[in-house]
Number of protein chains: 2
Amino acid sequence: MEPDEALRRALRLAVDPPAGVSIEAVRELARDDDASEWNIATAAKHLGVSPHTLRYYERIGLVRVARDAAGHRRYDAPAVRRLVFVTRMRVSGMSISDLRHYVDLADAEQDTVSERMDMLLEHRDTLRSQIAQLQLALAATEYKIATYQEVHQL
Amino acid sequence: MEPDEALRRALRLAVDPPAGVSIEAVRELARDDDASEWNIATAAKHLGVSPHTLRYYERIGLVRVARDAAGHRRYDAPAVRRLVFVTRMRVSGMSISDLRHYVDLADAEQDTVSERMDMLLEHRDTLRSQIAQLQLALAATEYKIATYQEVHQL
DNA sequence: CCTTGCGTTCGAGCGCGCTCAAACCCCTAC
DNA sequence: GTAGGGGTTTGAGCGCGCTCGAACGCAAGG
C-alpha cells in the first residue's frame, strides 16, 4: 500500500461523493488514522491550485495546517478534505467571505449545523440556477455553431 | 401590438434558442424591420445589467449603439441581440478580451467565420466542463446536506 | 564550506470587470 | 424661469482573489 494511500482515498471520497453514500462514508472521512501527510507542493498538485493559493487560504483562515520540525506545512487528511471542500466551493462560485463564514461555523465549538445547513441549501440553489444558466449558454453556443455550419453549406 | 414587441421578440429568440431552430429563426433574428428602440434604462432592465455596464461594454467596443437627436443612446434590435450574446457569454465565463476578439471578428469585413467557429467550439468545450464541475459541486453539496440531515436524526 | 532546492513570512502589487463621480446637457412640467 | 429627472463623457477608484517578491531558514549533496 502506497504511503499516502489514505490521503488519496480521502481526496477521492471528497471528490466523488457517490450517489448512495451515507453514514459509512462519513465515518470513513472522519477517521484520521493515517500518519501520511503531504508537503505543500504535493498538496497543491493534487488539489489543482498553486502553493501560493494554499498559503493564502491558510492565511485567511480557511484551513489550519500543522508544521513539521523545520516549520514546513504538513497537509494531513482533515486539511486535505477541508481544502477539497474549499476549492470545490470556490470553483462553484462561493465567495471567499461566505466560505470564511462557513468554516468559522464549522470550526466553532457550538452547534452551528442549522446555520451551515442554511448556507448549503442556499448554495445548492445558486448552483442549480448557475447550471441552468450555463446550459442556456451552451444551447445558445451550439445553436450558433449549427447556424454557422448551415450557412456554410448554402 | 406593443410598440417594442419586435425588440422583445428578438430578446426572447436570442434568450431561448429552441431545440429545433434553423435558418428560419436566423432570418427572423436578422431582420431589422422595426423602428422601436430602447433607451439605456430599458435596455439595462431587460438585459439584467446596469446602465453603467452597458456604457462600459460600448466603450470597450463590444457593441455599437446609435444616438438620438439629444445624444442619448438608442438600442435597436441588432444592438440588443449583440448584447444578449455578450451578456450570455460573460455570464458563462468568457473573458472580456476574448469577447472583444470575437466581436472584432464578427464586425470585420472579411470572412472570419472559421475563426469564430473555433472560438465557439472552444467555448462549448469550456461550458461543458464547467457544467460538469458545477454538477460535481452540486452533488457534493447535496451529499453534505443529506449527511447533516442524517446526523441530525441520530 | 557552499551551493541547490524547497520551504517560510509578510506586505505589496496586479488584472479583471465593473462602478462611480464630476461636470455637463437636454427636455418637460410647474 | 427654474427645478427635476433623465441622459452624456471621461478618468479614476474599487473589491475580489489571487500572485509575486524580498529576505530569510533549513537540510542534503558535492
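Given the structure is predicted, the values throughout are model-derived calculations rather than measurements. Naming: A, B, ... by sequence-line order, numbering from 1 per chain.
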Separation of [Y] [atom2] from [X] [atom1] (nearest 0.5 Å):
{"X": "B/R90", "Y": "B/L62", "atom1": "CZ", "atom2": "CG", "result": "9.0 Å"}
{"X": "A/L99", "Y": "A/F85", "atom1": "CG", "atom2": "CZ", "result": "6.0 Å"}
{"X": "A/H46", "Y": "A/Y75", "atom1": "NE2", "atom2": "OH", "result": "13.0 Å"}
{"X": "B/R67", "Y": "B/R73", "atom1": "CZ", "atom2": "CZ", "result": "4.0 Å"}

key: From CA spacing to verdict: side chain to side chain contact (heavy atoms under 4.5 Å, CB included), A/R88, A/V84   = CA-CA 6 Å; A/R88 185 183 307 297; A/V84 167; 4.1 Å; yes

ask   = For B/I60, does its backbone N or O pair with a side-chain atom of B/R100 as donor and acceptor, under 3.5 Å?
value = yes

Sub-3.5 Å pairs of nitrogen or oxygen atoms, protein against nucleotides 18-21 of chain C:
{"from": "C/dC18", "atom 1": "OP2", "to": "B/Y57", "atom 2": "OH", "distance (Å)": "3.0"}
{"from": "C/dC18", "atom 1": "OP2", "to": "B/R90", "atom 2": "NE", "distance (Å)": "2.8"}
{"from": "C/dC18", "atom 1": "OP2", "to": "B/R90", "atom 2": "NH2", "distance (Å)": "3.1"}
{"from": "C/dT19", "atom 1": "O4", "to": "B/R59", "atom 2": "NH2", "distance (Å)": "3.4"}

ask   = Which parts of nucleotides 22-30 of chain C does protein reach within less than 4.0 Å, heavy atoms only, written one letter per nucleotide 5' to 3' as B for base, S for sugar-phosphate only and - for none?
value = ---------

key: Set of residues satisfying side chain to side chain donor-acceptor pair (under 3.5 Å) with respect to B/D107, sequence neighbours excluded   = B/R82

inquiry  = With heavy-atom distances below 4.5 Å as the criterion, would you say the side chains of A/Y57 and A/T87 are in contact?
reply    = yes

remark   = Students should find that the nucleotides of DNA chain D closing off the region near chain A, any atom under 4.0 angstrom from a heavy atom, are D/dG17 to D/dG25

ask   = Mapping B/R73 and A/M94 to their closest nucleotides on DNA chain D, which lands nearer the 5' end?
value = B/R73

query = Can you tell me how far P of C/dG5 sits from CG of A/N39, to the nearest Å?
reply = 16 Å

request  = Check side-chain contact (heavy atoms from CB on, under 4.5 Å) between B/L105 and all other residues, then give those that pass, not counting sequence neighbours.
outcome  = B/H101, B/T112, B/E115, B/R116, B/M119

remark   = In short, side-chain hydrogen bond (donor to acceptor under 3.5 Å, both in side chains) pairs touching residues 126-141 of chain A with sequence neighbours left out are A/R128-B/E142

